[in-house]
Structures are given as C-alpha cells and as structure tokens.
Amino acid sequence: MAVLNEEQTMLRDAAAEWAKDKAPVSALRKVRDSNAPLGYDPAVYSDMAAMGWAGIVVPEAYGGSEFGYLSLGVVLEELGRTLAASPLVSSALGFASVLLIGGSAAQKEAWLPMIASGEAVGTLAIDEGPRHDPLQTALAGTAVGNGYTLNGTKGFVIDGMAADAFVVVARTSGKAGEAEGISLFLVPADAAGFTRTKLSLADSRGAAKVVFADVKVGADALIGPAGKGYEILEPALDRTRAGLAAEMLGTALGAFDMTIAYLKVRVQFGQTLGSFQALQHRAAEMFSELEITRSAVEAALQAIDAGSNDIRELASLAKARANETLHLVSNEMIQMHGGIGVTDAHDAGFYIKRARAVEAAYGNAAYHRERFARLNNI
Amino acid sequence: MSETDSTELAAFRAEAQGWIAANFPASLKGRAGIMLNLNVETDEPDFHAWKKAMGAKGWGVPTWPKQYGGGGLSKEEAKVLSQEMMKAGAFSPIGGMGVMMFGPTLLEYGTEAQKQRFMPGIVNGTTRWCQGFSEPGAGSDLASLSTKCEDKGDHWLVNGQKIWTSGAQHADWIFCLVRTDPTRKHEGISFLLFDMKSPGVEVRPIQLISGNSPFCETFFTDVEVPKDQLMGPLNGGWTIAKRLLQFERNALSNAGGGTGGGTARMVPEVVKLAEKYVGRDAEGRIADPDLRQRLIAHHLKARAFGLTLARVATETKSGQGPSAATSIMKNAGSKIAQERAEFAIEMMGNLGLGWEGDDFNAYELGAVRGWLGSKVVTIYGGSTEIQNNITAKRMLGLLDHQ
C-alpha cells in the first residue's frame, strides 16, 4: 500500500470500520430486496457525506476538504470491500471533477457545496449505447437564441435515478466519433422535457435511461467553450476511472478475503480446501494480481494529485488492470466456493454482479487496453 | 533531484561527481551491459583500473560498513551516487554472488574474524564466490540435500555433489550447504565456506539449450576444510540459507537477470522490434492484430510491474516493514521477462531462430540465445511453483500442502 499521510490513514481506518458497521453486503441485499428506488439507501449516503467523504476532492471554498484523489481512493477502496451502495463515485468524483476542471464560478458555487455536503447528487450522462464510448456522442445540442435545445437519449446513466443534476455530454457540431463538437451542459433534473426511467440491472443499483425532449437550457448551462467539451470530459473521466479502479480493487480484495477464509474452513477428504496445492497456487496468482493492480491504481491517483503529464495512460492502465483482476477474482470466488457460491443466499453473487457492472462503467478492459496502446504507439 | 538536496547531500553529490570524473575511464562509458556479461572475463586495462579504484573506494557496495571496506554511505548518499554514475554512463564493476548474496549474509552471521577475512575480497571484487546449494536429489526440496560433512577433529571432511552451481568454473570460493546430521532434515544442515582450489574439488560445466554454460556440476571427494570456516552454529545452516535466499530473490527481482528492473524499461524496445520486423498498418498500429493485442497485454503487465517495483522501494524506504508485494516479485518479473524473449523471436520469424553465421545479425543471434536462456528464470532461485507455495503459506496463511 502506498505510503499514506496521517489524514489518509485516518480516512482509511474510519472508512473500513464504517463499511463493516453501516454498509455490509447485507445492506446491499436489503436495497435489492426492497427494490429501493435510488439503488442505495439515502440515509446511508447522508451518513457518508457527514463523514466528509463527498467533499474530499472539493476545495475548502466550496465546503470540501481538498484532501485529494488518493485520499478519496483510499476511502473508495474500503467501501468497495463491502459493496457499499452510494453515488459517491458518480457525484463526489465524476460530477465534481467536471465542474472543478471546466465549470464557471457560478456553476461551481451553485453545485459544489451541495455535492460536498451530500445534499445533492450529480452524475455524468455520457453513454447512449450499451458500451462506453464518449466520442460516439450523438445527443443533439442545437443553438437556439441565447441558449441550446437538447434532444436525445442517454441509455445508461449511472445513478441516474438519484441525480439532482446531470453533466450532459452533447454534440453541438461534428459527427459521432469526433472529439471536436462535443459540448457539456449542466442540466437539473427538474428541467422541462427531461424524463428518466429506472433500469433494472444485475447489480441492483440505480442506473437510469434518461430522455431529453426539447430540453431548453440557457448559455450559462454550457460547461467550458462550445465544441470543446471533450477537453474537460476526458480528464474528469480519468479521475473517475482511477477512483472507480480503487473501489474495484477494494471489491476484489473483499471477494478474495472471503474466498481465502472459506478455503481455511471448508473440509473435504479430511482436510481443508486451503491445503490443496491446486487451489493454493490459484490463490497465490490472485494475490499477485491484486498487489500489481494496487500499484497501478495508486500510481494513477498519485499522478492526478501531482498533476503529472501521464494521467491518461495511468488511468487507463489502472482501469484495465482493475477490470481484469476483479473479473478473475469474482469468478474464482464462485468456483472456489463450489455450490454454495451460486446460491442467492451467499454473498458471492453480489460480488460478481457488481464486478461486471463496474467493469463496464467508464470503459471496459478492451476500451482501456486500446486507449493505452494508442497512447504508447503500439 | 539536485534541487532538493540538503547542504550535506549537495556536498556529497559534488564529491561523487568529482571522483567519478577523475576515475571512470571514458572508454567504458555506457558499456555496462557488455563489460558485466556473465562468464566473460575482459582483459581491458581500463576495466581493471576502474574495478581497482571502485574497490578501494568501497563504492561497489556503497552502504556496507566502512570498517569492512564498504562505502559507509547513507541510503540517500547511495542514491545520489547511483544517479551520478548513471549521468556519467558509469557502472559498478563490483558484483556477483559475493555482493548480491554472500556479503550481506556474512555481515549478519559471520564471526568478526570471518568478516575481516572475507569481506575485502568481496568489496574489491578480487574473490569470486559461488553458491553450493542445489544437488541432483535436492532441487526445489533443497533441505533434503545430502552432501556429507564429517567432523574429523582438526578439520571437516566433505563428500558429495552439487549441481547448478552458477559460475563455479570461475569461482575462487564456495559457500556451501552440507549435511552435518543425517538424522534431522532442516536442523541437520550447516553452512560451510571453502576454497575451490582445495584438493578433491572438481568442476564440470553443463552445456545448456542456449549453448551457454553458466552452471556447473561440482564434485567433492574427501575435501578437507579448516574448522574455522563453518559459518554460524553447527546444524544452524538452514536459517542462514533462508536469509541468503531472500537476498538472492531481492537481487533477482530488482536487477540483472532480465527479470526485474529492466523489465518495464524493455517494453518500448519490444514495440520497436515489432515496428521493424512486423511493420505498422495505415493507422499506425502494429500490423499483425493478434500480435498487437498480446503486445498490449504484455505492455500493461510490464508497466504495472514496474510501478510495483517502485512502490515496493518506496514502502521499504518508509520503514513500514517489508512490502506484501515482495513475495510476488520474482514470479511476476520472471514471467514478463520470458514473455518478452518469446515476443522477440516470434516477431523475427525465422531470423529469430538463427543459431550462427552471417545470415543473421548480432541482435537476431542474441535473441535466440536470450530466449532459450530466459527459460531458467522461472526455475532458479525458487521455481514459480515453490514461490507460489511460499506465498500461499506465508502471505495467505494456507496450510503447507505436504
């Protein structure tokens, strides 16, 4: 683990204890079984915000602590271990990062304090199709008078059911596949012509399909210059990817620890499963992947905090590695648990369902391997 | 770097710069790879002058205590020295098993007399050591070794055979695991030091699939060893051996051997090779899509491994105890090194299989030998399987499978 400062160590310890206490896997099970409309328990998120976690990357002027991205990553890792359900990544990381990088003073003042306090939830409305690919944005932003009219559908918006505001990725010029012509709009959920419906996905969280039908916004809704939105979106996405990768590392560690614990107690042929070398070596391989993934995740978060020039490459490395490792560990968790692992009564199912959802979020492994390859001229 | 130096460090940096400028021969600049090639003894006078200077200064082992001829430098100073060496294209000519494994172990377990006797030769690079551990019947299960060592009153008498003794044909001395009690396994092993010129020592180099002979079979027939050359307690050799193996694994994953530090840096070279032998498509991608996908996966792995090396170094320096990642470094690093070697010959096609002759350039001829040579890295120093056993037992707390 990275060498943490005092604040980060305190954040980690607090998050670890809190997650065990307030958001064990059974809490997610409850969210699912009660068909919670937002895909998480709002009281739990208020509690998280009260701990200060929604303001970790937000400057003090807007009510945050500005402890930085590694600090938020440290918290997300602990929350990922127990699959704590909350909009922390979409709101306090993704949405907040777009405003921090490209928002006007007025936009920041209007939203960041509420994001940091947890009173409001924001999210990024990017993906129109089922696979993450922001350059394919087609949702139309048409200049009308002093403002814009938005028309189109965002098919998969993470925490779209909970969001009070959206960063809507729209196209004001150019064609799908081009970065030029992408514009970002800040749109509140109460805008006329905006509708959303809940998507029932395997991970039981609050994704939504969001439709914009002649939604009219003023020029002040534009984030950054028209047509140049990708220059804001891409770095904000990289911050989100690195943070989510930290959460995924935590999820993989949670799954791994449960699996190792099971290997130590389950007895067959008169000995514990963990004494079988075939399983030991697979466990050792997973341990290796987890350690190497940790290095990639922490390096990306540290690069963001340091403002390095290789953030894009490191974010894709972190997300690709986190995807591959969580994929492996979530599959092995089920296989090593045997029959009990495929029953709904066991928690393994929650891990593998969440794993695939976060693997797809903000770019799957194939997306990030290709992006990493382009950046490295392979 | 230098902007952040304290006054003391800045003074040391200036001293190091001056000393390197005064002593490092220009003819050797940037030639570390060639000059330090295993088993090649150069007769270039400049190399020997440099070795003598470094040996006298103790800077080949910069952090070792001064009283035994080491540099006596702090970690920070050693880092500055290494930075300045790199800047000047210089390298340490002092190395080998004495430096990597035996020296650090001797410092921990040797008697004062043993340290006084053996350290100077290691520090100035005049005594080459080899490692007498593996035997024909004791490979991965090292503790089952049977080389017999009997107490004959005024000397030890050694009979038996070692195998895979790296560099035994060039070695002056051997540190050797011997059995002093046949009734106990781990507690019946002792750690013995002796001269390879002793009567009864016979060395036969083993030719490998790569055509090279970096390892030997070593036979001991009635070898007499003075009593004061036992290191550590009688029957206490296994503890010392384990400590020495830790030094070995760290060295293997951190440097040389093609497994560690070089791994991350080598990736761009593989991409260049692909560009040369496979070419790029109209969009600038490596032309063979299947190869390209595997190359990308390799690059990702190697980059993340490089970041892990850096993380382990930072964590170790911070004094928060040994990093958990240490246990995985040897396996991960050696796998990447082998993959890289396979890529090279795959991309070169039949040119990557050239064994000798003018139809192939030096790089191509090197690739095929390097590929075959790389097969040892997942076997020596604790095979991949042994490393996995250790990780399962020590890191994950799973029961010994035996």
Side-chain angles (χ1 to χ4, degrees), chain A residues 1-4 9 256-257 259-261 263-264 271-300 302-303 310 313-314 316-325 365-366 368-378, chain B residues 267-268 270-272 274-275 280 283-286 291-293 295-312 314-320 323-332 335-336 384-385 387-402:
Chain A
M1 185 173 303
V3 179
L4 302 178
T9 307
F256 182 69
D257 288 351
T259 306
I260 296 299
L263 295 183
K264 288 178 183 173
Q271 55 192 114
T272 59
L273 292 188
S275 65
F276 291 107
Q277 201 178 20
L279 297 180
Q280 288 186 346
H281 285 197
R282 276 157 57 193
E285 292 289 345
M286 282 193 273
F287 180 76
S288 175
E289 295 299 321
L290 286 163
E291 283 296 328
I292 291 172
T293 299
R294 172 180 295 289
S295 312
V297 168
E298 291 176 351
Q302 285 166 331
D310 53 357
E313 182 186 342
L314 288 173
S316 272
L317 177 66
K319 184 63 167 60
R321 290 294 314 175
N323 275 18
E324 289 163 0
T325 301
H368 287 292
R369 279 195 292 258
E370 181 62 26
R371 184 165 178 255
F372 179 86
R374 298 282 181 147
L375 291 168
N376 281 284
N377 197 27
I378 301 177
Chain B
V267 172
V270 184
V271 176
K272 282 220 169 64
E275 184 174 277
R280 291 187 181 275
E283 279 198 61
R285 296 173 297 199
I286 296 301
L291 170 73
R292 177 172 182 267
Q293 283 318 118
L295 209 51
I296 294 167
H298 175 74
H299 196 164
L300 279 158
K301 262 191 269 179
R303 185 75 203 278
F305 179 72
L307 293 171
T308 307
L309 279 173
R311 178 164 74 85
V312 168
T314 311
E315 288 174 20
T316 307
K317 261 182 236 147
S318 80
Q320 63 184 31
S323 168
T326 310
S327 80
I328 61 111
M329 301 309 280
K330 204 251 166 187
N331 273 5
K335 210 155 136 186
I336 292 169
T384 302
E385 290 73 19
Q387 297 292 340
N388 276 339
N389 286 351
I390 294 172
T391 299
K393 187 170 157 186
R394 305 235 181 100
M395 304 310 299
L396 306 179
L398 298 175
L399 290 177
D400 208 320
H401 71 280
Q402 287 151 334

inquiry  = Counting only non-hydrogen atoms closer than 4.5 Å, does A:L314 touch chain B with its backbone (N, CA, C, O), its side chain (CB onward), both, or neither?
reply    = side chain

task = Can you see which heavy atom on A:Q280 is nearest to which on B:A392, and at what distance?
result = CB-CB, 3.7 Å

task = Look up atom OG1 in A:T259 and atom CG in B:L396, then write down how far apart they are to the nearest 0.5 Å.
result = 11.0 Å

inquiry  = If I measure from the heavy atoms of chain B, does A:E298 come under 4.5 Å with its side chain, its backbone, both, or neither?
reply    = side chain

ask   = Quick one: what part of A:R369 sits under 4.5 Å from any heavy atom of chain B, side chain, backbone, both or neither?
value = both

inquiry  = Does any backbone or side-chain atom of B:T314 lie under 4.5 Å from a heavy atom of chain A? Answer side chain, backbone, both or neither.
reply    = both

key: Sidechain-backbone polar pair: A:E291 side chain, B:M329 backbone, donor-acceptor under 3.5 Å   = no

inquiry  = Please find the pair of heavy atoms, one from A:I378 and one from B:R280, that lie closest to each other, and give the distance.
reply    = C-NH1, 3.9 Å

Side chain, backbone, both or neither of A:S288 within contact of chain B (heavy atoms, under 4.5 Å) = both

Inter-residue atom distance B:I328.CD1 - A:E289.CD, 0.5 Å rounding = 8.5 Å

inquiry  = Please check if the number of heavy atoms outside A:K264 that lie under 6.0 Å from its NZ is greater than 12.
reply    = yes

ask   = What's the verdict on side-chain contact (heavy atoms from CB on, under 4.5 Å) for A:H281 and B:Q387, showing C-alpha distance, side-chain angles and the deciding distance?
value = CA-CA 9 Å; A:H281 285 197; B:Q387 297 292 340; over 6 Å; no

message = Assess the residue pair B:V271 and A:N377 against the criterion (side-chain contact (heavy atoms from CB on, under 4.5 Å)); give the C-alpha distance rounded to whole Å, side-chain angles, the decisive distance to 0.1 Å, and a yes or no.
response = CA-CA 8 Å; B:V271 176; A:N377 197 27; 5.8 Å; no

query = chain A: which of B:G397, B:G284, B:A310, B:S327 shares the most heavy-atom pairs with it under 4.5 Å?
reply = B:G397

query = Which bit of A:D257 comes within less than 4.5 Å of chain B, counting heavy atoms only: side chain, backbone, both or neither?
reply = neither

query = Hey, are the side chains of B:R303 and A:R321 touching, using non-hydrogen atoms and a 4.5 Å cut-off?
reply = no

ask   = Side chain, backbone, both or neither: which part of A:A299 has a non-hydrogen atom closer than 4.5 Å to chain B?
value = side chain

key: Minimum-distance pair of heavy atoms, taken over all atoms of A:G274 and B:L398   = O-CB, 3.5 Å

key: Option in B:K317, B:E283, B:E275, B:R311 with maximal non-hydrogen atom pairs under 4.5 Å from chain A   = B:R311

ask   = Do A:E285 and B:N388 have side-chain heavy atoms sitting under 4.5 Å apart?
value = yes

inquiry  = For A:A373 versus B:R292, what's the shortest heavy-atom pair and its separation?
reply    = CB-NH2, 3.7 Å

message = Tell me the closest heavy-atom pair linking A:F287 and B:T391, and the distance in Å.
response = CD2-CG2, 3.6 Å

remark   = Applying a strict 4.5 Å limit to non-hydrogen atoms, the region of B:K272 in contact with chain A is neither

key: Nearest-0.5 Å distance that lies between atom CD1 in A:I292 and atom CG in B:L300   = 12.0 Å

query = Does a side chain donor of either B:N389 or A:Q277 reach within less than 3.5 Å of an acceptor in the other side chain?
reply = yes

task = Assess whether side-chain contact (heavy atoms from CB on, under 4.5 Å) is satisfied between A:L317 and B:L307, documenting all intermediate values.
result = CA-CA 11 Å; A:L317 177 66; B:L307 293 171; 3.6 Å; yes

request  = May I ask you to decide whether B:K301 forms a salt bridge with A:E324, counting only side-chain N to carboxylate O separations under 4.0 Å?
outcome  = no

